[in-house]
Structures are given as structure tokens and as C-alpha cells.
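Values reported hereafter were calculated over all heavy atoms of this structure, with side chains retained and with hydrogens, waters and symmetry mates removed.
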Amino acid sequence: MKNQSVTNNMDWVTILLYAVLVMLGWMVIYSASLPLEETSIFDIGQIYGRQMLFIIFAIPLIIVVLSLDAKIYEKYSFIFYGLSILLLAGLFVAGKTIKGQTNWYSFGGFTLQPSEFAKTAVSLVLAKYLSDVQINLKNTNHQLIAFGIIGLPVLLIMMQPDAGSAMIFLSLVFVLYREGLPGWYLWTGAIAIALFLLALLVKPYFLIMCALMIITIHYFLTKRVHRNPILYTLVFIAIAGFVFSVDYVYENVLEPHQKDRIDVLFDKNVNQQAEGYNLNQSLIAIGSGGWFGKGYLEGTQTKGGFVPEQHTDYIFTTVGEEWGFAGALVVIALFITLLLRLIYLAERQKSKFSRTYGYCVVAILFTHFFVNIAMLIKLFPTIGVPLPFFSYGGSSLWAFTILLFIFIKLDANKVNEW
């Protein structure tokens, strides 16, 4: 049977959402970086000019991604993964250090961040591995291999050090859960994070007493045949040990800037003119926008340069100030619509590889979107995570573009799947 044309089966809704988000992103970057004297939108001496070039160069990338045979992404996934690992490792030899992080290659006046592209490679090889009919994530050995696929790039990125990018890779655990990973992994992780944060706010002994009460209640509510006093005792000991270790980890393991970001989140002895300055200015800028904003190109906080890194990690503050609550809500709605659309597409895939890869795309985009906005409104510690399609940078824009359009290609090719 002759293969059907994938061009006629591409999901134009997703492509339209991508185009709208990219152009809105450029408009916000233009406002956040506009100098006193306006110049050409292609002026590479200006941030918005370089971003426009990045957008233009994304077009041939899209054409290449859509032109390649869909089977290439599955067949050569391990090669893509290997190349990404080599590029990450090569940073320790030829990388450029910016603000204490060696996570860039420098080419003339441009830089390239391999960790952004590694997200696509890891997603492809994880989808390839999980699509094997013999793989069962109830099996411990299969779990370890899946964790290893994710963990190797995380280890290299943490050594750069870049905790923000490393955290994005950990979001792929949700994909493993979708494909059969036992739920207790997620519960354990969620409880550990909650205990860590609570241990920084309340006395350890109080937290341990609360844990003991909950465990005891759970024990007596459980059917007698399922009660295992040894297991419950071990769980309590593990929780107690973890809680008592939090203070040591906080004081001796975390870097000073990481401790500052946690302190800022909890308002613990924060100097608003030092470690708390960025977040405080972000809140002021977003809050000053009110319901409908000050108007495009009219943001006083934006024009005054009060918010550092406003064209990158803090780009959403410009949206909040100039477009207000209503405009910010529209942008958030566009992201949510894109994510829901991708979930819908992932669920209708005929191959497990395509479905799993689709969920990897959703996990990565959602984590970037949620963390970036949450950190600006003081719901999450401040970390260097760009807002997809909005934050300035060729590496992030091209990487998100490749990540998304590979899935669009796989989805379009489902007409040829059996």
C-alpha cells in the first residue's frame, strides 16, 4: 500500500499555536529590550534583532525536521542520545563559563547550550526504550535502565552546574509513570520534597511527631492481614532520618546562591536590595500591570530596567506589566491549550514510540512553563528556566522547535502506521 502524504495530515492547530506563541514572545522581547532610539527589527546589535534572526533560522529547521522520514527519529535515537552526551561532556573541555556555569559553546558572537537539545535526544531514546514490547516498568532492572537514560545527562548537567536544566529532565519521570512505573515512586518523591520544605520552616521534632501520628493512624486503619509492623517502623525511621538530615544538607551541601533562593521564597532574613532584589522587582512589575496593563511598550518598570534578565528568565514580568492580568491570562491559556492539544495527539498515536515521545514533549514544555511563571510570583524558588517560545535565546527556541516538530511529524505519519 502506498504511503499517504504526511503534509496533508499535519496538525495545523498545534502549528498555529506554536506560531502565535513565538510571535507573541518576540513582541515581548522587543518591548523588554527596546533602546531609546528605535532601529531595524533585524539589527543584530539589539537583542530583539538577534531573536528575529533566531526565529527566521527556525524555519529551515522545521522544514528539515518535517522532511526527514519519521522512522529516522526512532531508528537513530541512540545515536542522537550518544551525540548529546558527548556534547555535554565536551563542555568540561571546550565550554564557555557564564555566571559560574559552564554550559555553553561559544562560536564568535553566538553561543549554543547543548543541554537544551539534549532534552529531545533523551526523549527520543526513552521513547525507543519504552516502546520495546519486552520492557515492563514493573521490573526493577527495566526501571534502573530507564532511570539511567535520564540520570546520565542529569549528572553531567549538575556538574556544570545547572540545577534548573537538570530538574527539567527529572520531569520525564511522569512519562515513566504514564507507561507503567509504580505510583509509589511519585508519592515518595512528592513526600520527600514536602518534608524538605517543611523541615526548613518548623522544628524537626514537631514534624517527626506529626509523621508518627499519621503512620500510626494509617497502620490501624489498614486491614489486619496487610499490617506489617516492621515495614511501618522502617518507614518511620527513614522519615525521621531524612528530616534530621535536612539542616545538614541545607547548611553544607547547597551552594550559597541556592540557599539564598530558598530564603527568598520563605522570606527568611532576606535583603531586598541583594538576594531578594530580582524577585521583589518582578512582583512589583507584575503587580503594577493591574487588570489590563499599562499598554504595549508602556511598561515603566520594563523601560526603567528595574527587573534584571527581563528578556530571558523574567520575560513574563513584561507580559504582566504591559498586558495586565487579562493579557497574562491569555498567554497562560495559549500554553495550556497547546499542552492539552499535545496530550490529545499523544493519546491517539498508533505506535507506543510516538505516544511516549509525545508525553515527553508535554512533560518538558509543562515543567518549563509552570516553573518559569511560578518562580516569578513566588510559588517556586528562582532558577534559570526559560519560558518556551518567549525567553530570548537561539538555543532554547531552536531546541523547543525541534522537540515539538518531531512530534508533529510523528503524529502526521500515523496514517502510515499499522
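For K138, the NZ atom counts as densely surrounded, since its 6.0 Å shell holds more than 12 non-hydrogen atoms of other residues, nucleotides or ligands. Heavy atoms of other residues, nucleotides or ligands lying less than 6.0 angstrom from CD1 of I230 number 12 at most. Around OH of Y296, the count of heavy atoms belonging to other residues, nucleotides or ligands within 6.0 Å exceeds 12. Atom CZ of F292 has 12 or fewer heavy atoms from other residues, nucleotides or ligands within 6.0 Å. Heavy atoms from other residues, nucleotides or ligands lying under 6.0 Å from OH of Y219 number more than 12. By the neighbour-count criterion of 12 heavy atoms within 6.0 Å, atom CZ of F370 is sparsely surrounded, having that number or fewer from other residues, nucleotides or ligands.
Under the 3.5 Å distance criterion, the side-chain polar atoms of N413 are left unmatched by any main-chain donor or acceptor of K409. The main-chain N or O of I157 is never found under 3.5 Å from a side-chain atom of D162 such that the two would form a donor-acceptor pair. Side chain of S282 to main chain of L376: a donor-acceptor pair is present (N/O by atom type, distance under 3.5 Å, no hydrogens or angles). Judged by distance alone, with hydrogens and angles left aside, the side-chain atoms of H368 form a donor-acceptor pair with the main-chain N or O of P386 at under 3.5 Å. No donor-acceptor pair closer than 3.5 Å links the side chain of S77 to the backbone N or O of V125. A donor-acceptor pair under 3.5 Å is formed between the side chain of N372 and the backbone N or O of D313. Side-chain atoms of Y105 come within 3.5 Å of backbone N or O of L87 as a donor-acceptor pair. E321 contributes no side-chain N or O that, together with a main-chain N or O of G287, makes up a donor-acceptor pair within less than 3.5 Å.
Between F147 and Y185, a ring centre-to-centre spacing shorter than 6.0 Å is recorded. F405 has its ring centre less than 6.0 Å from the ring centre of Y18. The distance between the ring centers of F244 and Y205 falls below 6.0 angstrom.
L195 has its side chain out of reach of V246: every pair of non-hydrogen atoms, C-beta onward, lies at least 4.5 Å apart. Within the 4.5 Å cutoff, the side chain of L124 has no heavy atoms near those of the Y76 side chain. Under the 4.5 Å side-chain criterion, counting only non-hydrogen atoms from C-beta, W104 is not in contact with L112. Counting heavy atoms from C-beta on, the side chains of L176 and I150 come closer than 4.5 Å.
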CA sep, side-chain torsions, deciding dist, call: T102, T97, side chain to side chain donor-acceptor pair (under 3.5 Å): CA-CA 4 Å; T102 309; T97 300; 2.8 Å; yes
T367 and F174: CA distance, side-chain angles, deciding distance, side chain to side chain contact (heavy atoms under 4.5 Å, CB included) verdict: CA-CA 11 Å; T367 307; F174 291 104; 5.8 Å; no
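Closest non-hydrogen pair, E74 versus S131, comes out as OE2-OG, 4.1 Å. In terms of heavy-atom proximity, N103 sits nearest to P114 at O-CD, 3.7 Å. Taking both residues in full, the closest heavy atoms of F335 and F389 are given as CE2-CD1, 4.2 Å, listed atom of the first, atom of the second, then distance. Annotation for L403 and S123: closest pair CD1-OG, 4.2 Å, computed over non-hydrogen atoms. A pairwise comparison of heavy atoms in A166 and V154 identifies O-CG2, 3.9 Å as the closest pair. Closest approach of S391 and I315 over heavy atoms only: OG-CG2, 3.6 Å.
Q301 pairs with exactly one of I284, T317, I286 by the side-chain contact (heavy atoms from CB on, under 4.5 Å) rule, that one being I284. The only option from T14, D11, N9 that meets the side-chain contact (heavy atoms from CB on, under 4.5 Å) definition with D411 turns out to be D11.
Using cut-offs of 30° and 60° for the angle between ring planes, the W291 and F325 rings count as perpendicular. Aromatic ring orientation, Y129 versus H142: perpendicular (interplanar angle above 60°, classes split at 30° and 60°).
Between the side chains of S31 and E322, at least one donor N or O lies within less than 3.5 Å of an accepting N or O. Between the side chains of S106 and T111, no donor N or O sits under 3.5 Å from an acceptor N or O. Looking only at atom types and distance, the side chain of S351 has no donor-acceptor partner in the side chain of Q349 under 3.5 Å away. With hydrogens and angles left out, the side-chain atoms of T216 and Y232 include no donor and acceptor closer than 3.5 Å.
A distance of 13.0 Å separates CG of L83 from CZ of F117, quoted to the nearest 0.5 Å. In this structure, OG1 in T356 is found 11.0 Å from CG in L172, a value given to the nearest 0.5 Å. The distance from the CZ atom of F400 to the OG1 atom of T120 is 9.0 Å, given to the nearest 0.5 Å. Put simply, CG on L397 and OG1 on T401 are 4.0 Å apart, with the number rounded to the nearest 0.5 Å. With rounding to the nearest 0.5 angstrom, the CD1 atom of I408 is 7.5 Å from the CG atom of L342. Within the model, atoms NE2 of H311 and CZ of F390 stand 15.5 Å from one another, a figure rounded to the nearest 0.5 Å.
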